[in-house]
**Student:** 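Here it is, the structure, as structure tokens.
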Amino acid sequence: SGSGRQETTTEGGGQETGTAADDGELGERVPTLTFQYWSDQGPPTVLFEETISNIQSVASDLGIQIETQPMTTAQGITAVGDDVRDFHVAVNSHGPDPGRLDPNNLLQSYSIDRAGANGEYNPSNYANAEFSELVDQQATIGVPEERRQVVGEAMSIYSEDMPFVPTIERPTTAALNTDMVQPIEAGGAGLSAVNWSALVESGAQTQSGTDTILANLPGEFLTSSFYPTVGDTDSLGLYTQLTHSPLMLYNSDYERVPVLAEDWEVSDDGTEVTFNLRDATFHNGDPVTAGDVKWTYEFLSEQYHAGNYQWTALPEELTVEAVDDSTARFVTPDPAPTLVTAQLPTFGVLPRDPYVEAGIEENPTDFEDPMIGAGPYRISTYNNQENIALEPHDGNPQFQVETPIVMQIYDSVSAVRRAFENGELSIAVTLTPDAGRQIADSMGDTAQIVNGAAFLPFGMMPQMSFAPGMFREFRQALSYAVDRQGLNETYAFGESEEVTYCTFNSQQHPWYDEQYLTEVGEETRNVEAARQALSDAGWGWDDQGRLHYPPGAELEAWPEGETPNPENF
Amino acid sequence: MSVAERVRAYRDSDFAIIARRTLRNLLSERITRFAFGVLLVVLILGVVGPMIAPYPYNEQQTTASGELMRYEPPSLEHPLGTNDRGEDVLSRLLIGARTTLITGLLAGGLMMTVGLSVGMTAGYVGGKTESLLMRLVDFMYGIPFIPFAIVLITFFGAGFYTTIAILGLVLWRFIARVIRSQVLQIKQRPYIMAARASGASTPWIMRKHILPNIANMAGLFFAMGVGLAILEQAGLSFIGVTDPFTPTWGIMIRNANQAGRVADAWWWSFPPGIMIALTVLSLYLLGRGYEGGGDDEVVV
Amino acid sequence: MSRLRYFARRTAVTAVLIFLVASALFLFFRLMPGDYTSLLIQQGMDPQQIEALRRKWGLAAPLHVQYVRYIVNLLTADVGQSFRYGEPVWDLVAPRILNSFVLVAPAITATYIIGGLFGAIMGRRRGGYLEKSGIITVSAFHSIPDFFLGIILIAVFSSTLGIFPTSGMLSTPTSIMIQDQPYWRRFLLPEFWKHYALPFATVMLYFMQYPALIMRNSVVEVSDQEFLHYHRLKGLPESTLLRKIIRHASLPVVTLYPISLAASISGLVLIEIVFNWPGIGSLLVSSVLARDFPVIQFVFLVAAVWVILGNFLVDLLYGVLDPRVSVSGSDGE
Amino acid sequence: MSDGAPVLELRSLEKHFDTTSGITETIRNRLVGEGPKLVRAVDDLNLTLAENQVQGVIGESGCGKTTLLRTIIGLYDPTGGEMRFHGRPTSEFTKDEWKEFRRHVQIVFQDPFNSLDPKFSVRRTLAEPLEIHGIDYDRTDIEEMLESVGLTPASQYIQQFPNQLSGGEKQRVAIARALITEPDVILADEPASMLDVSTQAEILNLLNELTDEFGVSMVYISHDLSTVSYICDHINVMYLGRIVEKAPTRALLADPKHPYTQALIRSIPIPDPHYDREQATIGGEPGDPIDMPEGCRFKNRCPERMDVCDETPLDVAPDGDGDREVACHLYYDHEERAGAEPKPAASDGGERP
Amino acid sequence: MAEPILEFDDVDIRYRTDGDDVRAVNGASFAIDEGDYFGLVGESGCGKSTIADSIVGGLDDNGEVVSGEIRFKGEQIQDYSESEFNENVRWKEVSVIPQSSMNSLDPVMKLSEQAVEMAKYHTDLSRPAALDRLRELFDVVGLSESRISDYPHQFSGGMQQRAIIAFALFLQPSLIIADEPTTALDVIMQDQIMDYINGLKDDWDVSMLLITHDISLVFENCDSMAVMHGGQIAETGTVDDVFDRPRHPYAILLQNAFPDVRFPDRELAVIDGHPPQLRDEVDFCTFADRCPWAEPACREGAPPATPVAGDDDHLAWCVRAGEMSELAANHLERSTESTSILEGGQ
Ligand SMILES: Nc1ncnc2c1ncn2[C@@H]1O[C@H](COP(=O)(O)OP(=O)(O)OP(=O)(O)O)[C@@H](O)[C@H]1O
Ligand SMILES: Nc1ncnc2c1ncn2[C@@H]1O[C@H](COP(=O)(O)OP(=O)(O)OP(=O)(O)O)[C@@H](O)[C@H]1O
Ligand SMILES: [Mg+2]
Ligand SMILES: [Mg+2]
């Protein structure tokens, strides 16, 4: 295992036997543990706090003391990136960016060359050379099955090493006022601001008497930086699913479905992907052609590498051939497996001419966006930072919608809930489970509560660059000590799922594969098992029941302020 | 000296006489008597609250069958009901009295210390020092408090005591202003001149003459400062940048709001809200103390 | 000193102060751990890309270079681009400021007028029941945390009674409808006023304390002044006397008004959040959390300048309203 | 203490305030070539205070009396001239000597209502100067002092705070405070003028007694000649920073030389309906200490103005009486003094607090 | 002598307070004859301003004339309402030169505006006419006409005082109440102001109530006078009467407490003690506690008015007024024994 390797490489053997506790010898005392969490995340923050309370309630049983360190997200990330060792465990989560529907992004995050004090974000400062090699490998495997295999192996190392202690799945909660909107069918993903697929799939319709769907949006989703210059991937959900259709798209079961493309074919070596386009028109009535596809993705790639568009992450040497009007072929010198799983499903096709006319090529970050796409909705009104009005567009080959939508920005969940209950909104998204519950209580049948799960779980990230997070047994103990069911109960009213396998992908994720994963805990807490894990590894407790390291344990995986040397791992 | 003598000596000292007189003045009005009463109760709660709390403040209450008792309305068992996590609200309110009080007193004390030092120095020393310090105060006034506090909190972390320090280190501005103008007035008084003419040094005059003469006003502003600190702390809690594991009253409101239950779980949000309002009101009323206690300066 | 020279001098001092504020803000925010790119890292952006971005945003340059650039830009009225939103800070901030102003200016103005009148009445009924209960009432409203006050009002008037909408400035369809029309058109809509009522009331109730109490003290003070007695002895009728009292007593209130207007910008953060008012306060808070330096710097600068100018204005106002104030004397006060 | 030398001697003492405000104005003055705007509050002032003597200084409001007093006590640094205490120039004083000096020179203020610290009981008020100077004392010292200023029984007053005392009592305490360090000189700034007549008499009588009993010298400042004449041996008439006439009290009252003194005396109302007072004939307002006229400062109001008044008058002793001097051209023998150039008024300097 | 223009007949004035009422004036009786200058002297707080205020209805809100009669030109005015005062008394008939001129002019109004305002409420003078009148009066009091539209703060204290005198004359009243018109001024300035005030007698045909604590001003400028102590009138009479034959102990001592520049060596009289607080019913002589000749009778009932030497115009409110010439003999002979040094030198 990863941590096992650490122990052998650090000299001063003895602790490997793990029997110290028996002869009553104790190592250094485990200090008060600092749990850091992001205090500015809204509903997730509530869960972070909940998680810490959850551990706190058994802290004395484990012989540890816990201190909390709320931090803003930016600060917390910086602290990890610089390997600042003033907290031991970070309680936070990976955001459900659409790009993460391919495992590459998160695998890369945990690779060894991002660990240590180099300003790069390896959330646990996880350092495992073997894992990192596999991560590098999978990124260029063109054959899907082969890649799946390598990813699986990497995940298995990761899972075994447990750099992440998962707790529960990230729930999504939305509500529809059934007096105003007809109920919808939603997949496992539910309905959320980053994932409107359920809405477009169902072709959501208003009830008679109302003619517009009113939905809320969190503040960051509606700024004048719209697609293609969007500020972060979160908001891409809005564009790709509603207004700017890509070639294919993840649906509300996190499966790829064709949109503008009929189908696609990946060459054996994975360097070519060929799309057959369907008949579709842009909002201005022009047909979607291979030329538009070529221009769109080559342009996005170019801009990304020029540092302008922050999110596109398309391969640098991407070329797109317009084989004919309805066939486009993506070519990369090396296999680029994430193209079809991560990037292309997130970026809609743009009509070349209107955008070139608008001056996007000369001035890619500051031009008058004509706001034309091929999505099922057309932007009819756009009020910067306030609201956006969408009208149905009937040229989309995949989704047929009929009702206009207006989305309004709301800053807090309570405000959304109040507005919803007050009849000011017909759809409320990004609710907390609690809010969903309240709406159900107060509105009964007139509200449809849509529960779903994002594809990433919540959890804790012990800092593995130093003790105690560097010891697997400690992480294991933490995993045993957390009461997943309790969390699910208090935070999600039982609407979520406990995650007992170590993974950064939850069951909803298209790449979730239990056969590679290690089960690291139980649904309810098991303090005994936690203590056992520690004492098995030579940890012990003094008279006052305070936890001590094994005698002579080395307490740093690498010195603070440095980066780990892959040779040592 | 025997204890009795010492007590008597103290009782006869100028300080004690003045303190008694001030107290009597304050107690002579019904409004301030009421304020005193409230504060006394809060103070007592702050001291004994944690001891009389019926449950541990962070214990999740469950029914006999092991079910979590969340959002229980008030009952005999839980006079103020339970919150989203099934914790006893009364117990948290009682614990909150102490933490809120500590926040207020420490932050108020800090404000007082900084405000007093700056105000006194500016007022007494005058000249360049004064304009420099007063520009600093202007500058402090130019700072929008809540956003700036968030900035500071990200510097120093959102600990309970850091928040207090930040409150104290930003909000002293109004005290400095008032104290300065007060000192400016006092320093013109002939008795200061007399002391100077007798050879008293600047520190002596500051300590023996100026300080005692602004003590009343300082005390009142301390009261207002405590109130202000409690309010602003609640505001910061509401935004969510303070340590939520220390259940101050502000945190309680914030949690209730975050759960979206301010109105329906009124037993959770209103008691801390009312306690804050009562405490702060009492402090304000006390701070207003005698007529025209410089209200116009207190724009924060 | 002539008024003109005084004015010039005050302007110079003000300009220097603003410059200092701008510098201090720059330094302060650059010392904050983390910048916006950290958020990008977490969200999966490539380290190389981040580097490129940092270079592009000038975050990679040494601090002093960044500083010089910042100041030069400021002088050329270039306040930069938001990192987070990638659009010019000014475009981002301007509509927000307008929205805040639409709420603050009338609310604070009304607060000062109504509070002032109420204070004047209290001052005239010195020692009476009205005065005592009045003081307690206005203080009580200032003792309830403003956000809590807002929440209570929402709970009562929106959630329970359903008289007013819970949040926002306009209902969404309406705001879409009038979006191409001039800004003032919304003032013609009854709906706007419905949205306006609760935040307005919150601001008013919360901030009523200052003008009311100051006016009261001021009226009490002015009523005791010799010249008033003299006016009375001269046989001026009661109504004229009252007008004079109010005129004199308003001085401190009037001069506090600009500062109050400016200071409330930060106080209103919470109220804006509670009512989902699309103002500057909520943008500022979220920008601080995201380390969107250009936005933070600019908004803080605006706030500071607003207060500084407010002070400046007060000084000038004082000179106009009260012929006694010698312009040279008020400097440094 | 050197014998023979007067307790206090002021020679050409000057205190000018620079009221130029700010850098801009200073620069402008430089450019235009104007000097700084000086308030010549005390200008070329001579005064000698012998042991056990009471010197009165009278003059209109704003003529510089208070400034003089503050300069003497060392609250202001003189801009020019010299001050000698027992023959020793104060400019040579070390820090310790200054402290010692302050013990020997004490002050009593005009406004009894503000000259006592409201937070100090009578005991502490009196103890303070002793503590500052590290002099041992006990309660009886303080009580004795209180009794000697007429606050009997002392034990009744010692615990009182100023707000429990009447104006006259306050002023007595202030006098006691001034006397408690056994000073050589007391500077009194109209200590009775804010009191009611009946109380005023009390204080005047007390000061009269005390100067005899304690053997202190006193500089007594006032604008009210009737009280000054009551307590002082000598009177100095001050006009716009200068002393324009000095003489023993009776001589001055009976035969004022300077037109200003004459006007001053003639303006005093007499409490006697049968007395027909000759009214003063001067008009106008006191001059402005910033823009003072060339030559005699009184010339614009002077009923006796002559051409020569554009020259600065020197002090002369009319009738050759060494005890009195007057600064007025009327009393020059101009021929004799022809050639004697008036001293140019010193300038420069600013406030050095 | 002419008819009295103003009469006080056994007037009691009280201020209501939270605690005990302040009985500021008790049983005050005096009369001012038409064309007379009448001086009112007494220590601070003895009720001088209260008397002045009661004539023009200017008592503070908590003050009230509780008994007795105040007659102005024969009209009883003690129960007048604000508007009756405005119509019948204030300014047209009685004007005031208030105690503190420095603070009495409205600081934010030009002097001309203040005059125009006065004209507006009491006359039908047009604005230019009002300004002309003000110019005229400025000339009378020795102020430059060009300065009528200055703000008060642009005037020195003496000039403000003169402006106020001009205001007092504005409507040619029949009585002017001058409440300590010169307290804040220097002697020379005081002398000039008193000179103006005195000059009015000849040119304007007014009566004057001159309130001061400086008895010499009264002696110099008034025809008759009253001495007050502790809310009671101690003695009234012509100034000569009071000076030559004071019969109230306070009047006697007060004169002796005054330093007289003519006699710098004279021993000043000291009046021990303080005036009483006037919180209880005043049925005693308020000077009794300070009086060297007090006897039990002084504390049993308010002292009656005793005519001095059978002169009904010279009254002393003292039970021992008749014996005073003997009792206070050494006080009464004071000024005669020494010679004035002013004359002595000349
Ligand atoms: N600190 C100062 N700065 C500038 N000018 C001053 C200062 N102190 C006094 N003066 C000016 O000096 C002149 C003399 O003032 P001073 O107070 O000595 O007069 P005074 O004779 O004591 O008057 P009064 O009788 O009113 O007390 C006045 O014109 C005054 O304005
Ligand atoms: N509004 C009031 N309420 C209560 N007491 C008052 C009020 N006004 C005056 N007094 C009291 O009435 C008494 C007489 O006051 P008044 O002003 O008439 O005195 P005065 O002789 O004019 O004194 P001074 O010489 O100080 O002007 C004083 O004891 C005073 O404290
Ligand atoms: Mg003076
Ligand atoms: Mg008076």
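Chain A is the first sequence line, chain B the second, and so forth, proteins listed ahead of strands; every chain is numbered from 1.
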**Student:** Quick one: pull up CD1 in Ile192(B) and CG in Leu75(D) and give me the separation to the nearest 0.5 Å.
**Tutor:** 12.0 Å
**Student:** Most heavy-atom pairs under 4.5 angstrom with chain B, which of Val105(D), Asn163(D), Asp111(D)?
**Tutor:** Asn163(D)
**Student:** Would you be so kind as to tabulate the donor-acceptor pairs closer than 3.5 Å made by side chains of residues 118-128 of chain B, with sequence neighbours excluded?
**Tutor:**
unit_1: Thr121(B); atom_1: OG1; unit_2: Ser117(B); atom_2: O; d: 2.4

**Student:** Considering residues, nucleotides and ligands other than Asp136(D), do more than 12 of their heavy atoms fall under 6.0 Å from its CG?
**Tutor:** no
**Student:** If you look at every heavy atom in Ile132(D) and Ala195(B), which pair is closest and at what distance?
**Tutor:** CD1-O, 4.3 Å
**Student:** So, taking the atom named CG in Asn114(D) and the one named CD in Gln188(B), what distance separates them when rounded to the nearest 0.5 Å?
**Tutor:** 11.0 Å
**Student:** Examine whether an atom of Glu128(D) lies under 4.5 Å from a heavy atom of chain B, and if so say whether it belongs to the side chain, the backbone or both; otherwise answer neither.
**Tutor:**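 Contact with chain B is through both the backbone and side chain of Glu128(D).
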**Student:** Among Ile107(D), Leu116(D), Thr181(D), Leu187(D), which has the most heavy-atom pairs under 4.5 Å with chain B?
**Tutor:**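 Most pairs with chain B among the choices: Leu116(D).
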**Student:** Enter the distance from Ser198(B):OG to Leu130(D):CG here, rounded to the nearest 0.5 Å.
**Tutor:**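 Rounded to the nearest 0.5 Å, the OG-CG separation comes out at 9.5 Å.
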**Student:** Can you see which heavy atom on Ala194(B) is nearest to which on Arg177(D), and at what distance?
**Tutor:**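 Scanning both residues, the minimum pair turns out to be CB-NH2, 3.4 Å.
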**Student:** Can you name the nearest heavy-atom pair linking Ser115(D) to Tyr191(B), along with the distance?
**Tutor:** O-CB, 3.2 Å
**Student:** Heavy-atom distance under 4.5 Å to chain B: side chain of Glu131(D), backbone, both or neither?
**Tutor:**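 Contact with chain B is through both the backbone and side chain of Glu131(D).
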**Student:** Would one find more than 12 heavy atoms of other residues, nucleotides or ligands at under 6.0 Å from atom CD of Glu182(D)?
**Tutor:** no
**Student:** Please answer whether the main-chain N or O of Phe120(D) pairs with a side-chain N or O of His209(B) as donor and acceptor at a distance below 3.5 Å.
**Tutor:** no
**Student:** Once you round to the nearest 0.5 Å, how far does CG of Asp117(D) lie from NZ of Lys208(B)?
**Tutor:**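 NZ of Lys208(B) is found 11.5 Å from CG of Asp117(D).
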